[in-house]
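Reviewing the structure listed below.
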Amino acid sequence: MLEIVIVMFVVLFAFLAGGLWIGWTLAVTGTVLLAVFRDIPLDKLLAQYAWNILTTQELLALPLFIVMGEILFRTRLSQSLFRGLTPWAALLPGRLLHVNVIGCTIFAAISGSSAATTQVVGRISLAELLKRGYSKDVAVGSLAGAGTLGFLIPPSNIMIIYGVLGDVSIAKLFTAGFIPGFLLAGCFMAWIMLHTALRPEMVPAAERKVRVASRAEFAVSVRELGPAVFLILCVLGSMYGGLATPSEAAAVGVLGALVVAGVQGELSRTALRAIAIGSVQTCAMIALIVLGASILGSAAAFLGIPAAVAAFVSSLGLSSFMLIVALIVFYLILGCFLDGFSMIVMTLPIVMPIVKAAGFDPIWFGVFLVLVVEMAQITPPVGFNLFVIQGLTEDGLGYIARVTLPYLLIMVGFTILVTVLPDIALWLPRYLSS
Amino acid sequence: ALKLPLSTVWPDGNFHTINAKKFAEEVKTGTSGAVEIDVKSGGQLGFKGPEQLRAVRDGLVPMADILNIQQIGDEPIMGVEGIPFISNNIEELKVLHKYLRPEYEKVALKNNQTILYMVPWPTQYLHLKVKCESLDALKGIKIRVPDKNAQDMCSAIGMAPALIPWGETIAALSSGAVAGVSTSSVSGVDGKFWEFLKFFHQTNHAWSSQIVTINNDTWKKISPANQKVIVDLAKKLEPEFWGTSLKADTDSNKKLTDGGMTLVVPPPQMVADLQKKTAPMIADFIKRVPAAEKPIKAYLVEMKRA
Amino acid sequence: MSAHGPNANAGAPQPLRFFLDAIDMLGRLDGWLGAACLAALTCLMLAEVLVRALSDIFPWVPADIPIAWEYSSYLMAAAFTFGAAMTLRAGGHIRVTLVLARVKPETRRWLETLLAALGVAFTGFLANAMVNFTWRSFTSDQVSLSSATPLWIPQALVTFGVCLLVLQFVARFFQALLGLPLEDLSMRAASVSE
Ligand code: NA
Ligand code: NA
């Protein structure tokens, strides 16, 4: 087993460092592992995997939310959302640096995916923040960190997958995500306030003081937020109003975005062309990585790598608190290389019994898993939110990961807090069911 | 030792997976560790349900726990148990299996594999918001169905079937996009249906079975003595596993009832109406899959239905 | 195409240049096919919602479009693979350029050639596997579970997309070998930094 793990790391790092495309790095590593250590008809296996992954119905919301994001980005909608949030963010020290967190929190309530949340909000805010002279480090870092809220605040694709595999009520999981989601957003904002207090130069000189906007400005803000609220109604309304399942609601979101853009007269041929090509390229980019990650994930499962690691963890005989700390470390390492979907699918069969035996509530563990999956989104070399941001700003992965580090640490701390105080997650579902 | 991964899409807590693990355990002891079956649950090897037969055929995985009705895309005869109301209880299903098993074994051989044992899923229920004791009451109810077969049946009895993936079913239920689900009581417990639904109707409208097979090239690598041990174990455990299926049904019924749902046994008139409405589907099936004629006819004769 | 920059393949000798230009054109074309797939899948999902909503009001409207989910997933797969080649040419696929950015231009050229060759090898292997996969479903009359659709049709679409990606990698191999521009930024959808 040790030699398999060593080969995996050597091949992975060699190709990554050599500059091979990440999706293909993962796919080639998985293929090499299977070729060396297993006697399987590789071509048949790869074809079957590729077909499976590319047609996974659970993924359908992803391209739809990407299209929605492209529409929002290429129209005035993006700016009006940004403008609408401006007077509210100005109430806080750090001002517009909070827009990412607030925007992601709002959009997380529409989208089930964290990459899509990062995509949509980032397209709106990054350019604006940089143009106004805000610190790029905080702008990029807070976007990467807050973008992960897409999984924690319902609807959540990851929670659906966990609920199905782990035999847990999805309705309760969704409910359990609300309070941790908003609390985590609060932690991010508290950090931004602290950070800007320590280093005021991160905010442009003219905007360092907190400012209460005039009544007129708030009125304008409400009008500017109108389209976004309409969009939330399209997605959440169609979902909770009994019209659509989450993936279908994403399609309603696309329609809603098109309607708003059309009413604003923003759907020129040039814009439509850009929306089409932008969507296709983003989808293809993410799909290649999902494909590679899933191939590597399945190869690892074939070779029993996650099982070996989990068996090692359970052999340590840890206390339940130390078990969770060990699991955080385990998932942090795993999350460096795998996407959240593969991570859950691969480890759940082994980890779930360990966790249940240690006396943890499965709903609580779902929230825990969502948190570690969110961390995996922002740890290099394989972190989807990092890739999405790289697609937006064309910065190096190393830079994006470095400025995201404080937010990763906050998430680690928050996960430990939720371990110590499980009621953060469990109170609301319990309250609602009683 | 020969290590054989066994692919299944069902999670660890599922009774089929528990059975497979028990089988693996006994095979390990019985062959003195020469054959070690490694149950890979929850679809972690990356194969979906409808691909399990093919995965074993192509040697992608040496063993799998295959859901027969999901293989009809490759082998249509695997769908016989799913014909609406073909068996009214697990005893009748046992008789049907007597005639089907030789056909399944032919299919397995054609796909380069050997059947070790077969275990049915518990019977199917209509899980609904309202209590229905006649065909009229079912009319127009939006119900989630898993496949085309169930869809045809629900259309035939006047319901409004919606083909939605399992992963979206709970969301569809909680939002009210559908007002019912056609599935077993075991899946009803998995989905915690009592959060959304009130009544589960024991219609026994369709059946399906899990088939554990092994790739024939792998099979040849096992010594004849150990092959015999494995076959005997499978034969010995199969009735016991059938028992777990029945038990899973009763246990799940209890859990559904504890959760606040009510079991509805359809009155004889409703059963007769349901069977009458769906009767043409047996003939349709035979027309589509001629190879199914012999076993179905033989079964119906024994049941005194033909 | 209006966004056509100065021809990036101008430095290639004929008939290679013709081949490279043709692949670039194919890349643009299949990008548009991918967009069409995305549009179709959005419409299909919307139609599903609409039909279900209408069936609440009018009893004669069916409760759903049975093929909606299945065909949407085929369209998604097609969109994913059709876009892959164009995205490669546009420089949209992610990779770690830490080493590449620090080596001498000559070394970089050889490294890029090697990487493109690796891309050809792996994608070629995958494409070959997909062709066989599709061929097997065709010859064994495999149909889908939920709608009995012959699976080779959507599989052929995806396979075609993967084959186009192979071609794009082949083109990239020659472009790297000859030291031509590897990425055609005019094909790139605008990003926030622009
Ligand atoms: Na969300
Ligand atoms: Na990561």
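Below, chain A is the first sequence line, B the second, and so on; all start at residue 1.
Heavy-atom pairs under 4.5 Å with chain A peak, among C/Met45, C/His93, C/Glu70, at C/His93.
Proximity to chain C is limited to the side chain of A/Val254, based on heavy atoms less than 4.5 angstrom apart. C/Leu50 does not touch chain A: none of its heavy atoms, backbone or side chain, sits under 4.5 Å away. Heavy-atom distances place the side chain of C/Thr81, and not its backbone, under 4.5 Å from chain A. When heavy atoms are compared at a cutoff of 4.5 Å, A/Ala249 does not approach chain C at all. With a 4.5 Å cut-off on non-hydrogen atoms, A/Thr31 touches chain C through its side chain but not through its backbone. Heavy atoms of A/Leu42 lying under 4.5 Å from chain C belong to its backbone as well as its side chain. Of the two parts of A/Leu20, the backbone and the side chain both hold a non-hydrogen atom closer than 4.5 Å to a non-hydrogen atom of chain C. Contact of A/Val67 with chain C is made through the side chain alone, with heavy-atom distances under 4.5 Å. Residue A/Ile286: no heavy atom, backbone or side chain, is found under 4.5 Å from chain C.
Between A/Phe15 and A/Trp21, the ring center distance fails the sub-6.0 Å criterion.
Judged purely by atom type and a 3.5 angstrom limit, A/Ser268 uses its side chain to pair as donor or acceptor with the backbone of A/Ala271.
Using non-hydrogen atoms only and a strict 4.5 Å limit, the part of residues 166-175 of chain C facing chain A consists of C/Phe169, C/Arg172.
Side-chain contact, C/Trp69 with A/Glu248: a donor N or O sits under 3.5 Å from an acceptor N or O.
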Please tabulate, for side-chain N and O atoms in residues 380-388 of chain A, each donor-acceptor pair with protein atoms closer than 3.5 Å (sequence neighbours left out).
residue	atom	partner	partner atom	Å
A/Asn385	OD1	A/Ser114	OG	3.1
A/Asn385	OD1	A/Gln377	NE2	3.1
A/Asn385	ND2	A/Thr118	OG1	3.1
A/Asn385	ND2	A/Ala144	O	3.3

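Classified by interplanar angle (parallel below 30°, tilted 30° to 60°, perpendicular above 60°), the ring pair A/Phe9/A/Phe13 is parallel.
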